[in-house]
Amino acid sequence: MNKERDLMAYLDDSYILEAEPKEAPRKGARHFRFTAAAAAAAACVGLTAVTAGAVVIYRSSSTSTSTVYESRAEEILESQGLILDEQVGGEHFDVSLDTVLADDYIYRIMLTAAPKDDIGRSYVSQYGTPEKALDGVSLIITNTEGESAPFGTRYARVSEDGSFVIIVNGHFDDLFRRTCPDGKLNVKVNGDMFGNASFTVKPEKNLESRIATTANGTKIHVSPIGAELVYESEEAQDFRALGFLWKEGGRERFLESLGITPEQDAANSAVTKWIDFRYLMAGKFFGKDNYGVGGGGVGFWENGDYYEDLGYTGSGTYVQTVDFGCIVDLDDTTGVVYGLEELPYDSQP
């Protein structure tokens, strides 16, 4: 919600991101951002194609997906039945659940609160900047027993048509599984202004994932909403630059979807060889002051334990996630580039 998310100003030709401080190698569920200190980093990922998912199909009039994603991404989501339109009407706002997306390790919940009258529109105008938008929306997330837990990282912004866009990025760790044994969350947009609109969602995998393996055995999962490093270690790895191996014409189609011309790409590529990181993290917001949903992530042990005094700790299989700001058709790719390694997918469809 601040300048930390203005990633594009900070990148150079380095390709290491230290996503987890070495001095605390056993702490889990650590949130990080690609910021001034870290973003000298990684030419991070693009996103992948969406497969048909176990999500109820609705016709959408939502604005969160159209605000955050480029038009091609919306077409992909809608064609796969992943655009929802579950709506709760209040006196001053209609609140809709627009989509719930999930891959192997992370999920994204996207909502829109659209004003219905002058009171609602006046309320939005008070919180019209990214720095203030989340202050205008009180989001309460609990399990189905009403017990609160640190479910996800919340973001909000105001769309061009004057609606609140609300996004929750979360992850499937041991804390999530133990706190939500039924896999369900109650998401409430709190307050009389929003009619205390509430939705019950069950994030579960509905996005295609593909995997590549590095020389040291690290598994790299890529999906439409993010990427994950998965490895056996008690010490976090550096997150190296991650990009795609493209099929013929694939990169060009991706850039076209973002509205980036070949001439612009040539000029941008002359500035940094990690330009794909910038495109893929920013999506349609590349070169703009606003931002989307890319640029953050967490690190956690897949089977850790949670203690009030120590936080989330563990050992063994460690997962580092990165959130992306756009969607790329995985059928246009054959693998990933990780640091200096070119890695075909472990199995090709």
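Everything numeric in this text was worked out from a predicted model, so none of it was measured.
Summarising the geometry, atom CG belonging to Leu77 is positioned 4.0 Å from atom CD1 belonging to Ile327; distances are rounded to the nearest 0.5 Å. In this structure, OG on Ser96 lies 8.5 Å from CD1 on Ile166, to the nearest 0.5 angstrom. Taken to the nearest 0.5 Å, the CZ atom of Arg177 stands 14.5 Å off from the CG atom of Asp182. In this structure, OG in Ser138 is found 9.0 Å from CZ in Arg154, a value given to the nearest 0.5 Å. Separation of atoms CG (Leu101) and OH (Tyr107) is listed at 12.5 Å; rounding is to 0.5 Å. Distance NE2/His221 to CD1/Ile211: 4.0 Å, rounded to 0.5 Å.
Nearest heavy atom pair, residue Thr333 against residue Lys247, reads O-CE, 3.7 Å. Counting all heavy atoms, side chain and backbone alike, Gly120 lies closest to Pro115 at C-CB, 3.5 Å. Between Pro203 and Leu185, the closest heavy-atom pair is CG-CD1, 4.1 Å. The two residues Ala227 and Val222 come nearest to each other via the heavy atoms CB-CG1, 4.2 Å. Residues Glu208 and Pro224 share a closest heavy-atom pair of O-CD, 3.4 Å. Glu341 and Ala215 make their closest contact through OE1-N, 2.9 Å (heavy atoms, listed as atom of the first residue, atom of the second, distance).
In this structure His92 satisfies the ring-ring contact (aromatic ring centres under 6.0 Å, His included) test with no other residue, sequence neighbours excluded.
The hydrophobic clustering, which links ILVMFWY residues whose side-chain heavy atoms are closer than 4.5 Å, places Val124 and Tyr127 together. In the hydrophobic cluster analysis, where Ile, Leu, Val, Met, Phe, Trp and Tyr join through side-chain heavy atoms closer than 4.5 angstrom, Ile260 is grouped together with Leu280. Both Ile141 and Val88 belong to a single network of hydrophobic side chains, linked directly or stepwise wherever heavy atoms of I, L, V, M, F, W or Y lie under 4.5 Å apart. No single ILVMFWY cluster, assembled from side-chain heavy atoms under 4.5 Å apart, contains both Val100 and Ile140. Val322 and Tyr231 end up in the same hydrophobic cluster when Ile, Leu, Val, Met, Phe, Trp and Tyr side chains are linked at under 4.5 Å.
Using a distance-only test at 3.5 Å, with no hydrogens or angles considered, a donor-acceptor pair links the side chain of Tyr123 to the main chain of Gly136. A distance-only check finds no donor-acceptor pair linking the side chain of Lys116 to the backbone of Asp94 [under 3.5 Å]. Side chain of Ser79 to main chain of Ile76: a donor-acceptor pair is present (N/O by atom type, distance under 3.5 Å, no hydrogens or angles). One N or O on the side chain of Thr272 and one on the backbone of Trp274 form a donor-acceptor pair closer than 3.5 Å. Checked by atom type and distance alone, the side chain of Thr321 pairs as donor or acceptor with a backbone atom of Val298 at under 3.5 Å. Between the side chain of Asn206 and the backbone N or O of Ala102 there is at least one donor-acceptor pair closer than 3.5 Å. Checking side-chain atoms of Asp174 against main-chain N and O of Glu302 turns up no donor-acceptor pair under 3.5 Å. Between the Asp103 side chain and the Ser209 main chain, no donor and acceptor come within less than 3.5 Å of each other.
Between Ser223 and Tyr105 the shortest side-chain heavy-atom distance does not fall below 4.5 Å. No side-chain heavy atom of Val137 sits less than 4.5 Å from a side-chain heavy atom of Phe93. Using a 4.5 Å heavy-atom threshold, the side chains of Phe254 and Phe244 count as separate. Looking only at side-chain heavy atoms (C-beta outward), Phe286 and Leu258 stay at 4.5 Å or farther from each other. By the 4.5 Å heavy-atom criterion applied to side chains, Glu160 and Thr67 are not counted as neighbours. Looking at Thr153 and Asp323, their side chains never come closer than 4.5 Å, going by heavy atoms from C-beta outward. Counting heavy atoms from C-beta outward, Leu111 and Phe199 have side chains that approach closer than 4.5 Å. Taking 4.5 Å as the limit, some side-chain heavy atom of Tyr338 sits within range of a side-chain heavy atom of Leu229.
Enclosure of atom CD in Glu256 is not indicated, since only 12 or fewer non-hydrogen atoms of other residues, nucleotides or ligands lie within 6.0 angstrom. Within 6.0 Å of CG on Asp192 lie no more than 12 heavy atoms contributed by other residues, nucleotides or ligands. Taking a 6.0 Å sphere around CD of Gln126, one finds it holds more than 12 heavy atoms contributed by other residues, nucleotides or ligands.
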Report task. Report the C-alpha separation of Leu139 and Val189 in whole Å, then their side-chain angles, then the decisive distance to 0.1 Å, and conclude whether the side chain to side chain contact (heavy atoms under 4.5 Å, CB included) test is met. Result -> CA-CA 5 Å; Leu139 200 65; Val189 184; 3.8 Å; yes

Query raised in the report: Do Tyr69 and Thr99 pass the side chain to side chain contact (heavy atoms under 4.5 Å, CB included) test, and can you show the C-alpha distance, the side-chain angles, and the key distance before you say yes or no?
Result: CA-CA 12 Å; Tyr69 292 130; Thr99 192; 5.8 Å; no

Query raised in the report: Please walk me through it: do Trp246 and Thr334 pass side chain to side chain contact (heavy atoms under 4.5 Å, CB included)?
Result: CA-CA 6 Å; Trp246 297 93; Thr334 61; over 6 Å; no

Query raised in the report: Taking it one step at a time, do Thr317 and Val230 satisfy side chain to side chain contact (heavy atoms under 4.5 Å, CB included)?
Result: CA-CA 7 Å; Thr317 302; Val230 182; 3.7 Å; yes

Requested in this report: Determine, stepwise, if the pair Phe176 / Phe300 fulfils ring-ring contact (aromatic ring centres under 6.0 Å, His included).
Outcome: CA-CA 12 Å; Phe176 177 90; Phe300 60 91; over 10 Å; no

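The salt bridge (Lys or Arg N to Asp or Glu O under 4.0 Å) pairs that include a residue from residues 214-227 are Lys219-Asp346, where partners are two or more places apart or lie in different chains.
Side-chain N/O atoms of Thr112 and Asp98 include a donor and acceptor closer than 3.5 Å. For Asn268 and Tyr279, the side-chain atoms include at least one donor-acceptor pair closer than 3.5 Å. Side chain to side chain, Thr142 and Glu147 fail the donor-acceptor criterion of an N or O pair below 3.5 Å.
Partner Arg251 forms a salt bridge (Lys or Arg N to Asp or Glu O under 4.0 Å) with one of Asp332, Asp329, Asp265 and no other, that one being Asp265.
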